[in-house]
Amino acid sequence: MQGNKERQINGCETLAFPTIGIVLLGGVSDSSKRYPLHNSAGIAYTSEEHDIYTRTRLFYANEPSVTINGNRVDPVDPRAPFHLLSRYSSKSAEVKRNLSVYSQNNGIISGSSDAGAAALAKAAQEMFCISDIQSLENDFRSISESVGRSLHGGLTVTEIVDGVPITTRLLGPEDFSNFVIIAFMFSTTRNPSDTIHSNIVKSPNYGNRISSTAKKCMNLKELAAKKDVKGIFELAMNDTDEYHSLLESVGVHVINDEMRDLIKRLKKKSGDFWRAYIVTGGTNVFVATERQNASKLQEMADSLNIPNKKLVVAGAARVYIDF
């Protein structure tokens, strides 16, 4: 719902952070609404310097324009966000003015669509005084099916209730303060998310995946209630194995030989320190560990000549400035 705003602003700038899946998502309702077909979960992330983010400006201008990562997008292009923004601006007293969007990613390793969608959703919320955050989130799923992870930040779970996705934040960044994630970054070409979504549903075991994710999300909520961070990441590692086994059974391969070799190294029972890996839909292996052991993972990455980055759990999308 839209409320009344006492003051008018010409625009706002927002920040949102990209995400990593914890219970991985595969399968959406259709190409427009993009509602998830099963429960899922994820975390928002950034660097220790907080220099990984999407920054978005939504503002009134003489002419409508969309610029994303330095590239101009035709405002009438169906992929442009105006089909969403018009739902809110048409109710605004400022309807006769033209909206423009400027969005720029900075340092994002994976999950940029989540951050981009969340940053724009947060800007729309601010510009048009939107109070119904659940409806706002579900509107912006048409840009990214897992936008709620970035919108709410921290650790979130998205559950399907009567066919409608509802995202709930379970833990905040402060609950992960003793842990970091080392991203091992590989240079292979990633599969488009739609390739994953359209193929995974073809598996005869997809119904089992729906049941499995429901159980895992229940377990995740129990782990979060106890603030069992190791248990959370171990659940994510188990889900990574299940998810990619199912994907590979329908001919979609995300984990290449180099990534598989790294995973084998991580699985070895060396007994020196705890770690848990996650592979989403991209060409990265994310490895969680206790903060004091981060250097051991970085040394492993360096010895294998694998570019790497230390990550921490990030907070919710936020308004940076009004103008």
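Start at 1 with the first residue, then count along the sequence. Note that this is a predicted model, so its numbers are computed, not measured.
A donor and an acceptor atom, one from each side chain of Thr213 and Asn39, are nowhere located under 3.5 Å apart. No side-chain N or O of Ser198 forms a donor-acceptor pair with one of Asp194 less than 3.5 Å apart. Side chains of Glu126 and Thr14: a donor-acceptor N/O pair is absent below 3.5 angstrom, by distance only.
Taken from NZ in Lys309 to CD in Glu48, the straight-line distance is 9.0 Å, to the nearest 0.5 Å. Considering CG of Leu58 and OG1 of Thr56, their distance stands at 9.0 Å, rounded to 0.5 Å. A distance of 8.0 Å separates CG of Asn256 from OG1 of Thr283, quoted to the nearest 0.5 Å. Separating the OG1 atom in Thr168 from the CG atom in Leu155 is a distance of 10.5 Å, to the nearest 0.5 Å. The structure places CG of Asn284 at 11.0 Å from CD1 of Ile306, a figure rounded to the nearest 0.5 Å. Atoms CE and CG, on Met127 and Asn10 in that order, are 7.5 Å from each other to the nearest 0.5 Å.
At least one donor-acceptor pair closer than 3.5 Å links the side chain of Ser47 to the backbone N or O of His50. Looking at Ser177, its side chain does come within 3.5 Å of a backbone N or O of Glu174 through a donor-acceptor pair. Put simply, the side chain of Asn106 gets close to the backbone of Asp51: a donor and an acceptor are under 3.5 Å apart. Checked by atom type and distance alone, the side chain of Asp114 never pairs as donor or acceptor with a backbone atom of Ser144 at under 3.5 Å. Not a single donor-acceptor pair under 3.5 Å links the side chain of Asp261 to the backbone N or O of Glu258. Using a distance-only test at 3.5 Å, with no hydrogens or angles considered, no donor-acceptor pair links the side chain of Tyr45 to the main chain of Ile52. In this structure, the side chain of Tyr35 does not engage the main chain of Ile160 through any donor-acceptor pair within 3.5 Å. Ser150 places no side-chain N or O within donor-acceptor distance of the main-chain N or O of Pro18, the cut-off being under 3.5 Å. A donor-acceptor contact shorter than 3.5 Å is absent between the side chain of Arg275 and the backbone of Val287. Using modelled atom types, no side-chain atom of Asn105 and backbone atom of Ile108 make a donor-acceptor pair closer than 3.5 Å.
Taking the side chain to side chain contact (heavy atoms under 4.5 Å, CB included) definition, one finds that Asp30 meets it with Ser32, Lys33, sequence neighbours left out. With sequence neighbours left out, the side-chain hydrogen bond (donor to acceptor under 3.5 Å, both in side chains) criterion links Asn305 to no other residue.
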| Yes or no on side-chain contact (heavy atoms from CB on, under 4.5 Å) for Val201 and Val250, after CA distance, side-chain angles and deciding distance? | CA-CA 9 Å; Val201 296; Val250 293; over 6 Å; no

| task | Step by step, work out the side-chain contact (heavy atoms from CB on, under 4.5 Å) result for Ile133 and Leu151. | result | CA-CA 10 Å; Ile133 305 305; Leu151 192 59; 4.2 Å; yes

| task | Start with the C-alpha distance between Lys226 and Glu222, add both sets of side-chain angles, then the distance that settles salt bridge (charged side-chain N to carboxylate O under 4.0 Å, His left out), and finish with yes or no. | result | CA-CA 7 Å; Lys226 296 184 290 185; Glu222 293 170 358; over 6 Å; no

| message | Determine whether Ser103 and Leu120 satisfy the following criterion, side-chain contact (heavy atoms from CB on, under 4.5 Å), listing intermediate values before the conclusion. | response | CA-CA 8 Å; Ser103 185; Leu120 188 57; over 6 Å; no

| task | Start with the C-alpha distance between Ile278 and Ile20, add both sets of side-chain angles, then the distance that settles side-chain contact (heavy atoms from CB on, under 4.5 Å), and finish with yes or no. | result | CA-CA 8 Å; Ile278 301 169; Ile20 301 168; 4.0 Å; yes

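Closest of all the heavy-atom pairs between Leu246 and Ser203 is CD1-OG, 3.0 Å. Here the shortest heavy-atom pairing between Leu85 and Ala124 reads CD2-CB, 4.1 Å. Taking each heavy atom of Gly27 and Tyr206 in turn, the nearest pair found is CA-OH, 3.6 Å. Between Ser65 and Arg72, the shortest heavy-atom distance links the atoms CB-NH2, 3.3 Å. Nearest approach of Pro36 to Arg141, heavy atoms of both residues: CD-CD, 4.1 Å. Here the closest heavy-atom approach between residue Gly154 and residue Val313 is recorded as CA-CG1, 3.9 Å.
No single ILVMFWY cluster, assembled from side-chain heavy atoms under 4.5 Å apart, contains both Ile68 and Leu15. Taking hydrophobic clusters as Ile, Leu, Val, Met, Phe, Trp and Tyr residues chained together by side-chain heavy-atom distances below 4.5 Å, Val254 shares a cluster with Met237. A continuous path of ILVMFWY side-chain contacts below 4.5 Å connects Val23 to Leu223, so both sit in one hydrophobic cluster. Cluster annotation: Phe140 and Leu99 are assigned to the same hydrophobic cluster (Ile/Leu/Val/Met/Phe/Trp/Tyr, side-chain heavy-atom contacts under 4.5 Å, transitive). Note on Ile22 and Ile263: separate hydrophobic clusters, where clusters join Ile, Leu, Val, Met, Phe, Trp and Tyr whose side-chain heavy atoms are under 4.5 Å apart, directly or indirectly.
Side-chain contact between His38 and Leu25 is present, with at least one heavy-atom pair separated by less than 4.5 Å. At a threshold of 4.5 Å between non-hydrogen side-chain atoms, the residues Met300 and Leu262 count as touching. With contacts defined as side-chain heavy-atom distances shorter than 4.5 Å, the pair Met259/His244 does not qualify. Residues Ile109 and Phe286 have side chains in contact (heavy-atom distance under 4.5 Å, counting atoms from C-beta outward). Looking at heavy atoms from C-beta onward, Asn178 lies out of side-chain contact with Val229 at the 4.5 angstrom threshold. Annotation: side chain of Lys230 is in contact with side chain of Glu290 (closest heavy-atom distance under 4.5 Å). Considering only heavy atoms from C-beta on, Thr289 comes within 4.5 Å of Val180 through its side chain. By the 4.5 Å heavy-atom criterion applied to side chains, Thr158 and Ser146 are not counted as neighbours.
Screening Leu247, Thr240, Asp241 for a side chain to side chain contact (heavy atoms under 4.5 Å, CB included) involving Tyr243 leaves a single residue, Leu247.
Within a 6.0 Å radius of OH in Tyr320, no more than 12 heavy atoms belonging to other residues, nucleotides or ligands are found.
In this structure, Arg265 fails the cation-pi test against Tyr277, since its NZ or CZ atom is not both closer than 6.0 Å to the six-membered ring centre and inside 45 degrees of the ring normal.
Ring geometry for Phe179 against Phe233 counts as tilted: the plane angle lies between 30° and 60°, on a 0 to 90° scale. Taking the six-membered ring where the residue is Trp, Phe323 and Phe59 present tilted rings, their angle falling between 30° and 60°.
In summary, Lys216 and Asp239 engage in a salt bridge, as defined by a charged side-chain N under 4.0 Å from a carboxylate O. The residues Glu248 and Arg260 are annotated as salt-bridged, a charged nitrogen and a carboxylate oxygen being separated by less than 4.0 angstrom.
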